[in-house]
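Every chain is numbered from 1 and lettered A, B, ... according to where its sequence line falls, protein lines coming before strand lines. The basis for the numbers below is simple: all heavy atoms, side chains too, and nothing from hydrogens, waters or symmetry mates.
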Amino acid sequence: MINWYKKNKRDLPWRKNITSKDYAYKVMVSEFMLQQTTVSTVIPYFNKFIKKWPSIKKLSKANLDEVLLSWQGLGYYTRAKNLLKTSNFVCNQHNAIVPSSLKKLKELPGIGDYSAAAIRSIGYNKKAVAVDGNVKRVIARYYGLKGTLKDNSEIINQIALRICPDRSNRVYTQAIMELGAIICKPRKYDCKKCCLKKNCRSYKQNIVHLIPSKKIKLYKEKLNCISFLIVDQHKSVLMKKREDTKLLANQWELPSTNWVKKPPKFSKICTPFPKSNWKNTNFRLKHIFSHLELENVVYISEKKIGGKSKNFKNFEWIDNCNLKKIVVTTMTKKILKKFNLVQT
DNA sequence: AACACGGGGAC
DNA sequence: GTCCCAGTGTT
């Protein structure tokens, strides 16, 4: 497997300059970004992030809005918050050196079992057992473990510990993950090319397609809302900042109704400017989150001079130029794009 | 042990 | 449409 990896490994930006002083920091940043996120999605974000904050000391001087802006579109925004917290903690408590012990790594916000092991192994080449989704799948197939990954999590962790080598841990950790990502993929796996096929139980028994078995799908709540797009005479858009907790924390979005099960009926009284002339755009946007679906109907209006608004708490008129400087939810971004108020 | 937390890519 | 991705924190 190691030989296969050395020959076939991908040229990923966080694998460069292993000897540089900031290498462990870069590995840490990559591990935050890679949580539940594919490599191809992460690469451009990682490059931009490291260009802006090449060292942990520089990152620790950033403010949250800046970090969230560079995270915009990547999802799971608590990661950005935790990464900033962690960099501050490391600068204050660990002399700006990313720790290499599992215990100290796991004290850092946003770093759990997997990330601690990955940073120790990939960042410092010290022994650690990093078990991510790829590793679980490779082990489950190689040992022919039927059932879901969750059913087998205990035994998978035991095996992972047993087969983890003491030496060259950095290469091993990446090799087994890379095998899962390139060859032993969830679908369209390529067993013919797999260096482990000789002893792979599910390959020999021809049950690769059954392993791991799918986890039962959970019901996704379907919600609805109306968003209000209002532009003033200077082409500024009225935006609202979300609360700093929970979903899409601290991000800006169009003013909108609550998210409710039954599609809300339009009424001027729910709009930010009840006296304006609101029109249904007939534009509907379905947005999928990990745990719910939201169907968004967009109403549009131009602000009348002298029109009064109801409640300006957390509301602000944002001009076109400043729209790209604030963190906007992906959903609102799509709406603004549809009405040619933002590029890209 | 179950749920909250994004968004996109592959099929 | 479905699955799932270099998971973590909260309840």
Residue whose closest nucleotide on DNA chain B lies nearer the 5' end, A:Gly75 versus A:Lys150: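 Nearest-nucleotide comparison on DNA chain B picks A:Lys150.
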A:His287 vs A:Lys188, nearer the 5' end of DNA chain B by closest nucleotide: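 Comparing both residues, the 5'-ward one is A:His287.
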At 4.0 Å (heavy atoms only), tell me whether [X] reaches a base, stays on the sugar-phosphate, or touches nothing.
{"X": "A:Arg10", "answer": "nothing"}
{"X": "A:Leu12", "answer": "base"}
{"X": "A:Trp14", "answer": "base"}

Spacing of [X] atom [atom1] relative to [N] atom [atom2], expressed in whole Å:
{"X": "A:Leu105", "N": "C:dG9", "atom1": "CG", "atom2": "P", "result": "12 Å"}
{"X": "A:Lys246", "N": "C:dT11", "atom1": "NZ", "atom2": "C1'", "result": "12 Å"}
{"X": "A:Lys220", "N": "B:dG7", "atom1": "NZ", "atom2": "P", "result": "12 Å"}
{"X": "A:Leu74", "N": "C:dC5", "atom1": "CG", "atom2": "P", "result": "16 Å"}
{"X": "A:Tyr219", "N": "C:dC3", "atom1": "OH", "atom2": "C1'", "result": "19 Å"}
{"X": "A:Asn82", "N": "C:dG9", "atom1": "CG", "atom2": "P", "result": "6 Å"}
{"X": "A:Ile288", "N": "C:dC3", "atom1": "CD1", "atom2": "P", "result": "13 Å"}
{"X": "A:Lys286", "N": "B:dG6", "atom1": "NZ", "atom2": "C1'", "result": "17 Å"}

Of the listed nucleotides ([options]), which one gets closest to any side-chain atom of [X]?
{"X": "A:Lys334", "options": "B:dA10, B:dC5, B:dG8", "answer": "B:dG8"}
{"X": "A:Arg187", "options": "B:dG6, C:dC3, B:dC5", "answer": "C:dC3"}
{"X": "A:Lys214", "options": "C:dT8, C:dC3, B:dC5", "answer": "C:dC3"}
{"X": "A:Tyr77", "options": "B:dG6, B:dC5, C:dC5", "answer": "B:dG6"}
{"X": "A:Ser115", "options": "C:dG7, C:dA6, B:dC5", "answer": "C:dG7"}
{"X": "A:Thr330", "options": "C:dG7, B:dG7, B:dA10", "answer": "B:dG7"}
{"X": "A:Arg137", "options": "C:dA6, B:dG6, C:dC5", "answer": "C:dC5"}
{"X": "A:Leu247", "options": "B:dG6, C:dA6, C:dC5", "answer": "B:dG6"}
{"X": "A:Thr38", "options": "B:dC5, C:dC5, C:dT8", "answer": "C:dC5"}
{"X": "A:Glu31", "options": "C:dC4, C:dA6, B:dG7", "answer": "C:dA6"}

Whichever of A:Gly112 and A:Lys215 has its nearest DNA chain C nucleotide further upstream toward 5':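 The residue whose closest nucleotide sits nearer the 5' end is A:Lys215.
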Earlier contact from the 5' end, DNA chain C, for A:Val39 and A:Ile111: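 Mapping each residue to its closest nucleotide by heavy atoms, the 5'-most match is A:Val39.
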[N] versus [M] - spacing of their [atom1] atoms, nearest Å:
{"N": "B:dC3", "M": "C:dA6", "atom1": "C1'", "result": "22 Å"}
{"N": "C:dT11", "M": "B:dG6", "atom1": "P", "result": "15 Å"}
{"N": "B:dG8", "M": "C:dG9", "atom1": "P", "result": "24 Å"}

Greater than 12 external heavy atoms within 6.0 Å of A:Arg167's CZ: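 No, not enclosed.
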A:Lys106 and A:Asp113 ion-paired at < 4.0 Å: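 A:Asp113 and A:Lys106: salt-bridged.
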Lys/Arg-Asp/Glu bridge criterion (N-O < 4.0 Å) met for A:Lys222, A:Glu295: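 No, no charged N to carboxylate O under 4.0 Å.
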A:Asp11 and A:Lys16, any side-chain heavy atoms less than 4.5 Å apart: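 Counting from C-beta outward, A:Lys16 and A:Asp11 do come under 4.5 Å.
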Flag side-chain contact, heavy atom, 4.5 Å: A:Leu74 against A:Met33: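 Sidechains of A:Met33 and A:Leu74: in contact.
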hbond_proxy A:Arg79 side chain to B:dC5 base (donor-acceptor, 3.5 Å cutoff):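 Answer no: no donor N or O sits under 3.5 Å from an acceptor.
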Heavy-atom donor-acceptor pair, A:Thr37 side-chain to B:dG6 base, under 3.5 Å: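 Under the 3.5 Å cut-off, the side chain and the base do form a donor-acceptor pair.
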Under-4.0 Å side-chain N/O to phosphate OP1/OP2 contact, A:His291 with B:dC5: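 Indeed, a polar side-chain atom of A:His291 lies that close.
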N/O (side chain, A:Gln36) to phosphate O (OP1/OP2, C:dG7) under 4.0 Å: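 Affirmative; the distance criterion is met.
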Main-chain N/O of A:Arg10 paired with A:Arg15 side-chain donor or acceptor, under 3.5 Å: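 Between the backbone of A:Arg10 and the side chain of A:Arg15 there is a qualifying donor-acceptor contact (under 3.5 Å).
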Side chain to side chain donor-acceptor pair (under 3.5 Å) assessment of A:Asp65 paired with A:Asn63: CA-CA 6 Å; A:Asp65 282 334; A:Asn63 63 48; over 6 Å; no
